[in-house]
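First the structure, in the form of C-alpha cells, and then the observations on it.
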Amino acid sequence: MSTTTATPAFAPSVTMNPGGVKKIEDYLSLSEQELYDRIQAAKRQLGEHVVILGHHYQRDDIVCHADFTGDSFKLAQQANTRPRADYIVFCGVHFMAESADILSGAHQQVILPDLAAGCSMADMAQIEQVEAAWEQVAELGIESLLPITYMNSSAAIKAFCGRHDGVVCTSSNAVPLFDWALKQQEKLFFFPDEHLGRNTGVKFGIPLEQMVVWDPRQPLGGNTPEQLKQARLILWKGFCSVHGRFQPRHVDDRRAEYPGIKVLVHPECKYEVVSKADLNGSTEYIIKAIKEAPAGSQWAVGTELNLVNRLAKQHPDKLVTLLAPDLCMCATMFRIAPENLCWALENLAAGHVVNQIKVDDEPARWARVALDRMLQIQ
Ligand code: 13P
Ligand code: SF4
C-alpha cells in the first residue's frame, strides 16, 4: 500500500503512532461491530477534516459511514463542496478518486481505501491506444471530430479530451453533453463504453448505421476508411463487466414471470437490452424512479447488485428485483471493505496519509478543462 506521512492540519487527539503506519493485516480479524465502532470513532476524531464519499454500488457496511452518496456525476460535484476537509476518503473506484483529486482544492488529499479498486471498463482504453487511434483517423483526413470520454476513464484520457476541445460526460448527463458536442463538430469519438455511446447516440436520433466500433487491437479499429468517413459516432470497444452481462432474454424472462413488471436498466447495458426496457438512466435516475413509483409497483432493475438489494430493502411496499437472477456485484467496488476504511481512517487520525490518489499536474490541468466543461454545460 502506498503511504506518505503528513503533518495533519489539526492536532490528532491520539498520540502519533510511534511504530509508524498501521498495517492492514491488523484489521482483517476484527469483528463487524469492532470495525463499525472504530470507523465511527476515527470519523469523530477527524471531524470536519474528513469527508467520506460513497458511490451507490458500495456495500451497505460502507454506505452507512458515507457523508454523501451519489452516482459518478453527483460525487464529482461533491468533491469540492467541503473545502474544510483535508481528506476526501473516496469509497468507489480509482477513476472516481482521480476525478475527485482533480476537482478538489490543492490542500485536499484524496484517499482510495483499497488501491485494487479499479474499473475493468476504464482499463479497456489506454492513453497510448487512444492517441494512436486519433492519429489514424486524422491521417484519413477526418478533421471534424470531437472526443468525448465517459467519466469511467483514466485522468490521462480526460486530459486528452481537454486538450482536443472535448469533454467528459457521465451517464446522468450524456444526452446534453452529446447535444453540446454535436454542435461543435459533425462527428464524435466516444471512449471507452461502446454501449453508453450507442444508447446515447440512439436517444439523440443518430441511426445505428452511422455508428462504428473502434477495436484498438485492429488497424483502423477494424473499419474501412469509408466506414470511418461516413460514421457520425465512433465507439470505443469497451464495456462494463457487470452491466454487459444483462441479456435481452433476461427482459423476456422477467416479463413472463411478473406480467406488467417495469424494466429499468442502466445505459451501460447493451442496446438490445436497453431497447427492450421500459426506462433507462443513471444510478441516480434509477433510485429516483423507484422512490417515486406507486406502492405495489413491480420493477426488474438492470444494474449493480448492491444497489438493487438496497432499493429492495428501502422500498418493501414495491417489488424490486435484479433483472437477471444469477448476476454478481461489481467485484472492484466490493473491494472497499470496512477493514480498508477503518485502516485508512485510523492512519489519517494518526497523521499518516495512506493510499493517496494524486494525478500529475499536467494531465490534471487538462483533465480539469474537460471536467469543468462538463460541469458548466450540465
Ligand atoms: P453512474 O454512477 O454514472 O450511474 O455509473 C455507473 C457505474 O458503473 C459507475 O462505475
Ligand atoms: Fe466499472 Fe462496471 Fe464496476 Fe462501474 S460497475 S466500476 S463501470 S466495472
Side-chain angles (χ1 to χ4, degrees), residues 53-58 63 66 68-79 92-93 95-96 99 119 121 148-152 167-180 190 193-205 239-240 242-246 250-251 254 261-295 297-315 317-324 327 329-330 333 374-375 377-378:
L53 305 182
H55 189 271
H56 288 309
Y57 298 166
Q58 291 288 296
V63 166
F68 294 104
T69 54
D71 65 0
S72 306
F73 180 63
K74 202 165 149 191
L75 293 177
Q77 288 176 312
Q78 289 295 346
V93 290
F95 70 81
M96 297 178 183
S99 297
C119 165
M121 177 205 284
I148 302 197
T149 189
Y150 190 23
M151 186 65 120
N152 302 29
V167 75
V168 178
C169 76
T170 70
S171 54
S172 292
N173 60 19
V175 172
L177 266 296
F178 266 51
D179 185 31
W180 173 84
F190 186 75
D193 186 7
E194 172 187 342
H195 304 298
L196 178 68
R198 182 175 295 112
N199 290 323
T200 310
V202 166
K203 280 184 196 173
F204 209 72
F239 63 91
C240 166
V242 175
H243 294 94
R245 292 205 194 131
F246 293 106
H250 293 136
V251 180
R254 282 297 191 223
I261 198 166
K262 287 251 187 257
V263 176
L264 170 55
V265 301
H266 195 283
E268 286 175 14
C269 294
K270 296 182 182 91
Y271 168 69
E272 293 75 12
V273 174
V274 170
S275 57
K276 275 190 167 236
D278 297 291
L279 296 165
N280 71 87
S282 71
T283 50
E284 280 298 328
Y285 175 89
I286 290 172
I287 291 167
K288 189 164 178 277
I290 304 265
K291 191 173 165 203
E292 291 174 357
S297 56
Q298 300 186 323
W299 295 87
V301 186
T303 192
E304 206 273 344
L305 181 63
N306 278 297
L307 174 60
V308 179
N309 285 345
R310 193 172 310 121
L311 285 170
K313 264 192 252 162
Q314 287 168 348
H315 300 282
D317 57 331
K318 302 162 201 177
L319 175 91
V320 180
T321 178
L322 190 68
L323 177 59
L327 291 194
M329 61 197 73
C330 173
M333 285 272 182
M374 172 187 86
L375 293 168
I377 294 162
Q378 174 54 36

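Taking a cutoff of 4.0 Å between a charged side-chain nitrogen and a carboxylate oxygen, R198 and E194 qualify as a salt bridge. Using a cutoff of 4.0 Å between basic side-chain nitrogens and carboxylate oxygens, K288 and E292 are scored as salt-bridged.
How far SG of C240 is from CZ of R245: 8.5 Å, rounded to the nearest 0.5 Å. To the nearest 0.5 Å, atom CG of residue D179 and atom CG of residue N173 are 12.0 Å apart. Summarising the geometry, atom CZ belonging to R310 is positioned 10.0 Å from atom CG belonging to L305; distances are rounded to the nearest 0.5 Å. If you take CH2 on W180 and SG on C169, they are separated by 11.5 Å, rounding to the nearest 0.5 Å. Summarising the geometry, atom CE belonging to M374 is positioned 11.0 Å from atom OG1 belonging to T149; distances are rounded to the nearest 0.5 Å. Annotation: the span from L323 atom CG to H250 atom NE2 amounts to 7.0 Å, rounded to 0.5 Å.
Side-chain contact check for K318 versus Q298: every heavy-atom pair is 4.5 Å or farther apart. Counting heavy atoms from C-beta on, the side chains of N152 and V93 never come closer than 4.5 Å. Inter-residue side-chain proximity for L307 and I287 is flagged as met; some heavy-atom pair is nearer than 4.5 Å. Taking the side chain as every heavy atom from C-beta outward, V168 and Y150 never approach each other to under 4.5 Å. Looking at V274 and K270, their side chains never come closer than 4.5 Å, going by heavy atoms from C-beta outward. In this structure, the side chains of E268 and M121 come closer than 4.5 Å at one or more pairs of heavy atoms. In this structure, N280 and L264 have side chains that are not in contact, with every pair of non-hydrogen atoms separated by 4.5 Å or more.
Between the side chains of E304 and H266, no donor-acceptor pair of N or O atoms lies under 3.5 Å. If you check the side chains of Y285 and S171, you find no donor sitting under 3.5 Å from an acceptor.
Just one residue in the list V263, L279, L319 forms a side-chain contact (heavy atoms from CB on, under 4.5 Å) with W299, and that residue is L279.
Contacts of H195 classified as ring pair (Phe, Tyr, Trp, His ring centres under 6.0 Å), with partners at least two apart in sequence or in another chain: none. In this structure K203 satisfies the salt bridge (Lys or Arg N to Asp or Glu O under 4.0 Å) test with no other residue, sequence neighbours excluded.
The shortest heavy-atom contact between Q78 and L53 is CB-CD2, 4.1 Å. Listed here is the closest heavy atom pair of Q58 and N306: O-CB, 3.8 Å. The minimum heavy-atom distance between T303 and L322, with the atom names listed, is O-CD1, 3.3 Å. Across all their heavy atoms, G92 and M96 have their closest contact at CA-SD, 4.2 Å. In this structure, T321 and I261 approach most closely via the heavy-atom pair CG2-CD1, 4.1 Å. Taking both residues in full, the closest heavy atoms of N199 and P267 are given as ND2-O, 2.9 Å, listed atom of the first, atom of the second, then distance.
The environment of F239 atom CZ is sparse: at most 12 non-hydrogen atoms of other residues, nucleotides or ligands sit within 6.0 angstrom.
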Which pairs would a plain distance check flag for residues 68-77, meaning a side-chain donor or acceptor within less than 3.5 Å of a matching protein atom at least two apart in sequence or in another chain?
residue	atom	partner	partner atom	Å
D71	OD1	F73	N	3.3
D71	OD1	K74	N	2.9
D71	OD2	S172	OG	2.6
D71	OD2	S282	OG	3.3

